[in-house]
Amino acid sequence: MTVRLSEVAKGQELPALNVPVTREDLVRYAGASGDFNKIHWNERFATEVGLPDVIAHGMFTMALAGRLVSEWTGDPGAIVDYGVRFTRPVVVPDDGVGALVELTGKVAAVNDDGTVKVTITARSAAQGVLGGANAVVRLPA
Amino acid sequence: MPLDQSFIGREYPPTEPYEVGREKIREFADAIKDSSPVHRDAEAARSAGHPDVIAPPTFAVILSMGAHHAVVADTALGLDYSKVVHGNQRFTHHRPIRAGDVLRTQVIVEDITARAGNDFLTVRAEITTVDGEPVCTALSTLVARGTAEQGEQA
């Protein structure tokens, strides 16, 4: 399924996406990305440096938020610009449940050059975890 | 000690070439639970207009973070990496990264500021093919907590 530029209007909401995140997911992301910082898998180390528990990689949260956009466009290659600010960590307890990252987004602008700006909201444990998150996508006409 | 602002604009030598493999793209897509066939199936990617499987939009972090090592390890700059958190991240894709790409990354110190006792180091990573074709510009702000001179808000 591919969304077309002609079908898009400012204010339109993207289909929401909820992603459960467990410690196992963080270990897999660490391996795939090469970011083995211990705050993402070692509870003893995380609490020693003042964190409440193990936290997800900010880049993992950013990747999940990117999926909200690419699952809407149907083509991950449509994303030409994508930026976020990491405001709060996603805390991932080792309790058999983990964390839930809740993603919503909407069309903020249809630009003159035919690109579309999408703003993304990412929440976990009832708090925003990304700030200023937006993506610019180029859609087929 | 705040970071030395004379480092703004400094360019580090480009990294050794990184060859993007189909299986690495699949591994990364699996890790972010992205099931799109354009990350796995060359035929599906071609149907979507790409010459081969393409990487997810944040795959470039593997290259940009790898290239940051040159800045982080520069003792003359003196960033205390044990106090660093990732402040923000932006990717500008000139085209998607795809399997078979052989890429180099060059990092440039874009900006250095200090606010409320924290150092903010913004690093730009220019990811290109070895032939010089622009692929992705990654802009990362690293925040070293409590390493700058104490400000009134600290």
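Given the structure is predicted, the values throughout are model-derived calculations rather than measurements. All values below come from the heavy atoms of this structure, side chains included, with hydrogens, waters and symmetry mates left out. Letters A, B, ... are given to chains in the order of the sequence lines, protein chains preceding strands, and every chain is numbered from 1.
Of all heavy-atom pairs between B:N88 and A:V84, the closest is CB-O, 3.0 Å. B:A48 approaches A:D75 most closely through the heavy-atom pair O-OD2, 4.0 Å.
Linking Ile, Leu, Val, Met, Phe, Trp and Tyr whenever their side-chain heavy atoms come within less than 4.5 Å puts A:M62 and A:V92 in one cluster. Note on B:Y12 and B:V123: same hydrophobic cluster, where clusters join Ile, Leu, Val, Met, Phe, Trp and Tyr whose side-chain heavy atoms are under 4.5 Å apart, directly or indirectly. Linking Ile, Leu, Val, Met, Phe, Trp and Tyr whenever their side-chain heavy atoms come within less than 4.5 Å puts A:V116 and A:V3 in one cluster. With hydrophobic clusters built from ILVMFWY side chains whose heavy atoms lie under 4.5 angstrom apart, B:V61 does not share a cluster with B:L139. Hydrophobic clustering of Ile, Leu, Val, Met, Phe, Trp and Tyr side chains at less than 4.5 Å, counting indirect connections, unites A:V110 with A:L139.
For B:H94, no part lies near chain A; criterion is any non-hydrogen pair under 4.5 Å. Interface residue A:F60: only side-chain heavy atoms are found under 4.5 Å from chain B. Only the side chain of A:V19 comes within less than 4.5 Å of a heavy atom of chain B; its backbone N, CA, C and O stay farther away. For B:I54, the part sitting under 4.5 Å from any heavy atom of chain A is the side chain, from C-beta outward, and nothing else. Heavy-atom distances place both the backbone and the side chain of B:H86 under 4.5 Å from chain A. In this structure, chain A has heavy atoms under 4.5 Å from both the backbone and the side chain of B:T92. The contact between A:I79 and chain B is made by backbone and side chain atoms together, counting heavy-atom distances below 4.5 Å. Residue A:S33 touches chain B through both its backbone and its side chain, counting heavy-atom pairs closer than 4.5 Å.
Taking a 6.0 Å sphere around CZ of B:R145, one finds it holds 12 or fewer heavy atoms contributed by other residues, nucleotides or ligands. Residue B:Y81 places its OH atom among 12 or fewer non-hydrogen atoms of other residues, nucleotides or ligands, all under 6.0 Å distant. Counting heavy-atom neighbours within 6.0 Å of B:E16 CD, excluding the residue itself, gives a total of 12 or less. Other residues, nucleotides and ligands place more than 12 heavy atoms under 6.0 Å from the CZ atom of B:R104. Environment of NZ in B:K24: crowded, with over 12 heavy atoms of neighbouring residues, nucleotides or ligands closer than 6.0 Å. Annotation: A:E24, atom CD; neighbour count of heavy atoms from other residues, nucleotides and ligands within 6.0 Å does not exceed 12.
Residues A:R85 and B:T141 are not in side-chain contact: their nearest non-hydrogen atoms beyond the backbone lie 4.5 Å or more apart. Here the side chains of A:P76 and B:P56 are not in contact, with every heavy-atom distance at 4.5 Å or above. With contacts defined as side-chain heavy-atom distances shorter than 4.5 Å, the pair B:K33/A:D25 qualifies.
Heavy-atom pairs under 4.5 Å with chain A were tallied for B:P96, B:G87, B:P57, B:S36; the largest tally goes to B:G87. The candidate from A:G77, A:A32, A:P140, A:G66 with the greatest count of non-hydrogen atom pairs under 4.5 Å with chain B is A:A32.
Here the straight-line distance linking atom CD of B:Q89 with atom CG of A:L130 works out to 12.0 Å at 0.5 Å rounding.
Distance alone, capped at 3.5 Å, places no donor-acceptor pair between the A:R28 side chain and the B:D30 backbone.
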